[in-house]
Amino acid sequence: MIIVTVCVGSSCHLKGSERIVERLQQLIKERKLEDEIVLSGSFCCGKCNRTGVTIRVDDDEFIGITPEGFDAFFEQNIMSRMQ
Ligand code: FES
């Protein structure tokens, strides 16, 4: 089980966290990963960045993820953890 936490604080919200959450939900549905990935939200994680959104995958934190770059991020940092 992988826990993906998307920051929905005001800075990340402005940089597209809502779109990222929607896309993630879509990918989970399309690939039937409902039992593998838990999606959660968090308030500001104190890592506001000039571009992009802060996302935590289990205990690893990534900053600056844009909605445009999210599909690549998903493959590299989430799908790669699947057993
Ligand atoms: S609002 Fe997301 S890290 Fe601050």
Side-chain angles (χ1 to χ4, degrees):
M1 182 90 80
I2 297 173
I3 301 173
V4 180
T5 309
V6 180
C7 177
V8 293
S10 47
S11 169
C12 288
H13 176 78
L14 287 175
K15 290 167 187 109
S17 54
E18 215 165 307
R19 277 169 65 199
I20 287 182
V21 168
E22 278 166 17
R23 180 65 184 143
L24 180 55
Q25 285 172 329
Q26 198 179 18
L27 287 165
I28 290 173
K29 211 169 158 187
E30 274 172 21
R31 301 189 192 192
K32 305 196 188 325
L33 297 171
E34 289 89 347
D35 294 335
E36 319 284 338
I37 297 178
V38 176
L39 171 59
S40 140
S42 82
F43 294 114
C44 179
C45 342
K47 296 277 166 54
C48 307
N49 201 30
R50 241 175 287 184
T51 51
V53 172
T54 306
I55 299 179
R56 224 169 30 239
V57 182
D58 290 331
D59 290 332
D60 298 322
E61 199 161 53
F62 301 88
I63 57 171
I65 315 303
T66 60
E68 293 71 27
F70 182 73
D71 279 32
F73 175 85
F74 181 79
E75 298 302 336
Q76 278 161 23
N77 296 295
I78 301 176
M79 284 313 282
S80 62
R81 292 173 193 236
M82 296 286 167
Q83 300 296 329

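Start at 1 and go down the list; that is how both ligands and their atoms are numbered. Because only heavy atoms are used, hydrogens play no part in the values below, and waters and symmetry mates are left out as well, while side chains stay in.
With a 4.0 Å heavy-atom cut-off, ligand 1 is reached by the backbone of S11 and by its side chain too.
Every atom of ligand 1 is numbered from 1 in the order shown, and the set under 4.0 Å from a heavy atom of K47 is 3 (S). Taking a cut-off of under 4.0 Å to the non-hydrogen atoms of T54, the atoms of ligand 1 that pass are 3 (S). Set against the non-hydrogen atoms of C7, the atoms of ligand 1 under 4.0 Å away are 1 (S), 2 (Fe), 3 (S).
A salt bridge does not link K29 to E34: none of the charged side-chain nitrogens sits closer than 4.0 Å to a carboxylate oxygen. Remark: E68 does not engage K15 in a salt bridge, criterion side-chain N to carboxylate O under 4.0 Å.
In this structure, the side chains of D71 and R23 come closer than 4.5 Å at one or more pairs of heavy atoms. Between F74 and I37, the closest side-chain pair of non-hydrogen atoms falls below 4.5 Å.
In this structure, OG in S80 is found 7.5 Å from CD1 in I2, a value given to the nearest 0.5 Å.
Among the backbone and side-chain atoms of H13, no N/O/S atom is found under 2.8 Å from atom 2 (Fe) of ligand 1.
Considering atom 4 (Fe) of ligand 1 as centre, the angle to SG of C48 and to SG of C44 is 100° (10° rounding).
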